[in-house]
Novice: 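Mind looking over this structure? Questions follow.
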Amino acid sequence: MSSLADFSDITQRDRSLAEWTWLKVGGPAEYLVEPRSIDELAAVVRCCHETGVPCRVLGSGSNLLVRDEGIGGVVLRLSEEAFGEITIEGSTVTAGAGALLSHVISHSVRAGLVGLETLVGIPGTVGGALRGNAGGRSGDVGQSVQSVTVMTASGEQFTRSEDELSFGYRHSSINELVVIECTFALTTGDVDETLKRMRKLWIMRKATQPMAHQSAGCIFKNPRGISAGSLVEQAGLKGESVGGAEISDRHANFIVTAPEATSGDVLELIERARGQVTDQFGVDLELEIGIW
Ligand code: EPU
């Protein structure tokens with residue numbers, strides 16, 4: 001049986017994760033492991049499985065809050081080249097889970113392909129975007145998926161095709177431990193028109209969201225038919241702060257952090273917003289971000 005010591009050249013002990021999250025707060029991972037190939041990834045995953053060590057995958061940290069005390073076990077970071085490749089064949093685009101969604105969008109648009117451009121401005125890696133079916137008013141990532149290759153917690157790899165997958169509002173049926181890669185089925189279109197559409201969406205997003213600040217995208221999911229941001233605003237919480245964390249005065253479903261913020265500040269603010277929205281409107285807000 002292998003042990004984590006066998007992977008010491010790709011492992012950092014007690015590595016802070018704060019710099020890799022968009023909120024820039026939170027504690028360390030007991031083991032931060034960066035595999036160099038899919039085989040190496042499978043070996044680490046199998047090792048965790050056999051030795052009972054908890055294992056999670058870090059994307060680009062854009063939808064994640066890590067608690068101040070940090071987390072035990074292994075955090076995998078798919079930062080190496082093997083996980084970030086983007087290849088285009090005809091009108092399909094295959095991207096590694098570690099590739100940034102924004103890179104996949106720009107590669108596709110430059111190749112004259114249409115379908116992903118509506119996701120402009122959405123942060124995150126392909127793996128993270130698929131897991132939470134990232135999207136906005138103009139569509140979500142699931143709409144363009146042809147197949148997804150995943151790895152289970154025991155290190156087994158397989159590909160799920162479109163008809164074996166389902167995507168809902170900020171939800172996907174992908175429940176295996178790791179997303180390895182995804183193939184998107186796009187259509188051909190006019191590059192200039194696509195760029196124009198993208199520019200418009202980008203401007204709208206910049207006007208309504210605090211994009212220049214440290215934040216983690218929307219904190220809460222929208223309850224059916226209502227904007228969580230507008231509920232938090234109506235509860236009078238725009239600009240409310242705890243320590244270095246503040247509810248954005250641009251969009252109340254965003255929490256922005258100052259350099260001195262802690263994860264505890266963000267958690268307290270989340271609880272305050274949730275509590276007030278429940279008390280005033282009887283609506284229970286569900287978290288969109290993940291908390292480790
Ligand atoms: N609103 C307020 N106050 C606020 C924020 C919004 O009154 O503080 C109002 C707006 O004026 C607007 C309505 O609420 O009339 C909807 O707001 P917006 O267009 O910003 O959309 P949203 O529902 O708040 C959703 C997604 C965003 C996505 C945008 C644009 C969720 C939780 N949010 O926001 O996604 O960027 O639409 O497509 O689904 C994310 O998931 O991380 C995210 C930011």
Novice: Before giving the answer on side-chain contact (heavy atoms from CB on, under 4.5 Å), spell out for Leu17 and Ile71 the whole-Å C-alpha distance, their side-chain angles and the decisive distance to 0.1 Å.
Specialist: CA-CA 10 Å; Leu17 298 177; Ile71 44 169; 4.3 Å; yes
Novice: Where do Thr208 and Arg250 come nearest, in terms of heavy atoms and distance?
Specialist: O-CG, 3.5 Å
Novice: Quick one: pull up CZ in Phe184 and CD1 in Ile88 and give me the separation to the nearest 0.5 Å.
Specialist: 11.5 Å
Novice: Would Arg110 and Val191 satisfy side-chain contact (heavy atoms from CB on, under 4.5 Å), going step by step from the backbone distance to the final call?
Specialist: CA-CA 7 Å; Arg110 254 184 276 136; Val191 177; 5.9 Å; no
Novice: Under a 4.0 Å N-O cut-off, is there an ion pair linking Arg272 with Glu240?
Specialist: yes
Novice: Looking at Trp202, does the NZ or CZ of Arg197 lie under 6.0 angstrom from its six-membered ring centre and within 45 degrees of the ring axis?
Specialist: no
Novice: For the residue pair Ser172 and Asn133, confirm or rule out a side-chain donor-acceptor distance under 3.5 Å.
Specialist: no
Novice: Does Glu181 use its side chain to pair, donor to acceptor, with the backbone of Gly96 at less than 3.5 Å?
Specialist: no
Novice: Give a yes-or-no answer on whether the side chains of Glu176 and Thr152 include a donor-acceptor pair shorter than 3.5 Å.
Specialist: no
Novice: Show the nearest heavy-atom pair for residues Gln280 and Ala235, with the distance to one decimal.
Specialist: NE2-O, 3.5 Å
Novice: Taking only residues two or more places apart in sequence, or in another chain, which ones meet Ser248 in a side-chain hydrogen bond (donor to acceptor under 3.5 Å, both in side chains)?
Specialist: none
Novice: Is Ile38 isolated, or which residues cluster with it under the ILVMFWY side-chain rule of less than 4.5 Å, directly or via members?
Specialist: Leu4, Phe7, Ile10, Tyr31, Val33, Leu41, Val44, Val45, Val53, Val57, Val74, Leu76, Leu78, Phe83, Met151, Leu177, Val178, Ile180
Novice: Where is the tightest heavy-atom contact between Ala129 and Val141, given as atom of each residue plus distance?
Specialist: O-CG1, 3.3 Å
Novice: Group every Ile, Leu, Val, Met, Phe, Trp and Tyr by side-chain heavy-atom contacts under 4.5 Å, then state whether Leu119 and Val114 land in the same group.
Specialist: no
Novice: Applying the 4.5 Å side-chain criterion to the ILVMFWY set and letting contacts propagate, would Leu32 and Leu64 be lumped into a single cluster?
Specialist: yes
Novice: Could Glu288 and Lys221 be called an ion pair, given the rule that one side-chain N must be under 4.0 Å from one carboxylate O?
Specialist: no
Novice: Are any side-chain N or O atoms of Asp140 and backbone N or O atoms of Gln143, one a donor and one an acceptor, separated by less than 3.5 Å?
Specialist: yes
Novice: Just checking, any donor-acceptor pair under 3.5 angstrom between side chains of Ser161 and Asp163?
Specialist: yes
Novice: Should the pair Arg274-Glu271 be classified as a salt bridge under the 4.0 Å nitrogen-to-oxygen rule?
Specialist: yes
Novice: So does Glu260 have more than 12 non-hydrogen atoms from other groups sitting under 6.0 Å from CD?
Specialist: yes
Novice: Once rounded to the nearest 0.5 Å, what's the spacing between atom CG of Leu101 and atom CD1 of Ile122?
Specialist: 6.5 Å
Novice: Determine whether the side chains of Gln146 and Thr183 contain a donor N or O and an acceptor N or O closer than 3.5 Å.
Specialist: no
Novice: May I ask you to check whether over 12 heavy atoms, not counting those of Glu19, lie within 6.0 Å of atom CD?
Specialist: yes
Novice: Treating Arg170 as the side-chain partner and Gly135 as the backbone partner, does any N or O pair qualify as donor plus acceptor under 3.5 Å?
Specialist: yes
Novice: Which pairs count as ring-ring contact (aromatic ring centres under 6.0 Å, His included) when at least one residue sits in residues 130-157, sequence neighbours excluded?
Specialist: none
Novice: Answer yes or no: is there a donor N or O on one side and an acceptor on the other, between the side chain of Asp68 and the main chain of Gly27, under 3.5 Å?
Specialist: no
Novice: State whether Trp292 and Arg67 meet the cation-pi test: NZ (Lys) or CZ (Arg) under 6.0 Å from the six-membered ring centroid, and within 45° of the perpendicular axis.
Specialist: no
Novice: Using salt bridge (Lys or Arg N to Asp or Glu O under 4.0 Å), reason through Arg36 and Asp9 one step at a time and then give a plain yes or no.
Specialist: CA-CA 10 Å; Arg36 292 163 292 202; Asp9 50 342; 3.3 Å; yes
Novice: Mind checking whether Val120 and Leu100 sit in one hydrophobic cluster, side chains of I, L, V, M, F, W, Y counted as touching below 4.5 Å?
Specialist: no
Novice: Mark yes or no for whether Ser263, through its side chain, and Gly26, through its backbone, hold a donor-acceptor pair below 3.5 Å.
Specialist: no
Novice: Roughly how far, to the nearest 0.5 Å, is OG of Ser37 from CG of Asp39?
Specialist: 5.0 Å
Novice: Which pair of heavy atoms, one from Ser138 and one from Leu201, lies closest together, and at what distance?
Specialist: OG-CD2, 3.6 Å
Novice: Do Leu116 and Leu130 share a hydrophobic cluster, counting only Ile, Leu, Val, Met, Phe, Trp and Tyr and linking them when any side-chain heavy atoms are less than 4.5 Å apart?
Specialist: yes
Novice: Would Trp20 and Leu58 satisfy side-chain contact (heavy atoms from CB on, under 4.5 Å), going step by step from the backbone distance to the final call?
Specialist: CA-CA 9 Å; Trp20 287 326; Leu58 177 70; 4.0 Å; yes
Novice: Taking NZ, NE, NH1 and NH2 as the nitrogens, is one of them in Arg77 or Glu34 under 4.0 Å from a carboxylate oxygen of the other?
Specialist: yes
Novice: Does Asn222 offer a backbone N or O that forms a donor-acceptor pair with the side chain of Tyr169 under 3.5 Å?
Specialist: yes
Novice: If you count heavy atoms of other groups shown closer than 6.0 angstrom to CE of Met204, is the number above 12?
Specialist: no
Novice: With a cutoff of under 4.5 Å between side-chain heavy atoms, which Ile, Leu, Val, Met, Phe, Trp and Tyr residues group with Trp22?
Specialist: none
Novice: So if you build clusters from Ile, Leu, Val, Met, Phe, Trp, Tyr with side-chain heavy-atom gaps below 4.5 Å, do Ile203 and Val109 land together?
Specialist: no
Novice: Can you check side-chain contact (heavy atoms from CB on, under 4.5 Å) on Thr94 and Cys182, steps first, answer last?
Specialist: CA-CA 6 Å; Thr94 300; Cys182 174; over 6 Å; no
Novice: Main chain of His103, side chain of His107: is a donor-acceptor contact present, judged purely on distance under 3.5 Å?
Specialist: yes
Novice: When clusters are formed from ILVMFWY side-chain contacts under 4.5 Å, directly or step by step, what else is grouped with Ile247?
Specialist: Leu23, Val25, Leu65, Ile219, Phe220, Ile226, Leu231, Val232, Leu237, Val242, Ile255, Val266, Leu267, Leu269, Ile270, Val277, Phe281, Val283, Leu285, Leu287, Ile289, Ile291
Novice: Quick one: list whatever passes ring pair (Phe, Tyr, Trp, His ring centres under 6.0 Å) with His251, sequence neighbours left out.
Specialist: Phe254
Novice: List the atom of Ala245, the atom of Ala261, and the distance in Å for their closest heavy-atom pair.
Specialist: N-CB, 4.1 Å
Novice: Looking only at heavy atoms, which two atoms of Val75 and Ala29 are closest? And how far apart?
Specialist: CG2-CB, 3.6 Å
Novice: Going from NE2 on His213 to CD on Gln209, what distance comes out if it is rounded to the nearest 0.5 angstrom?
Specialist: 13.5 Å
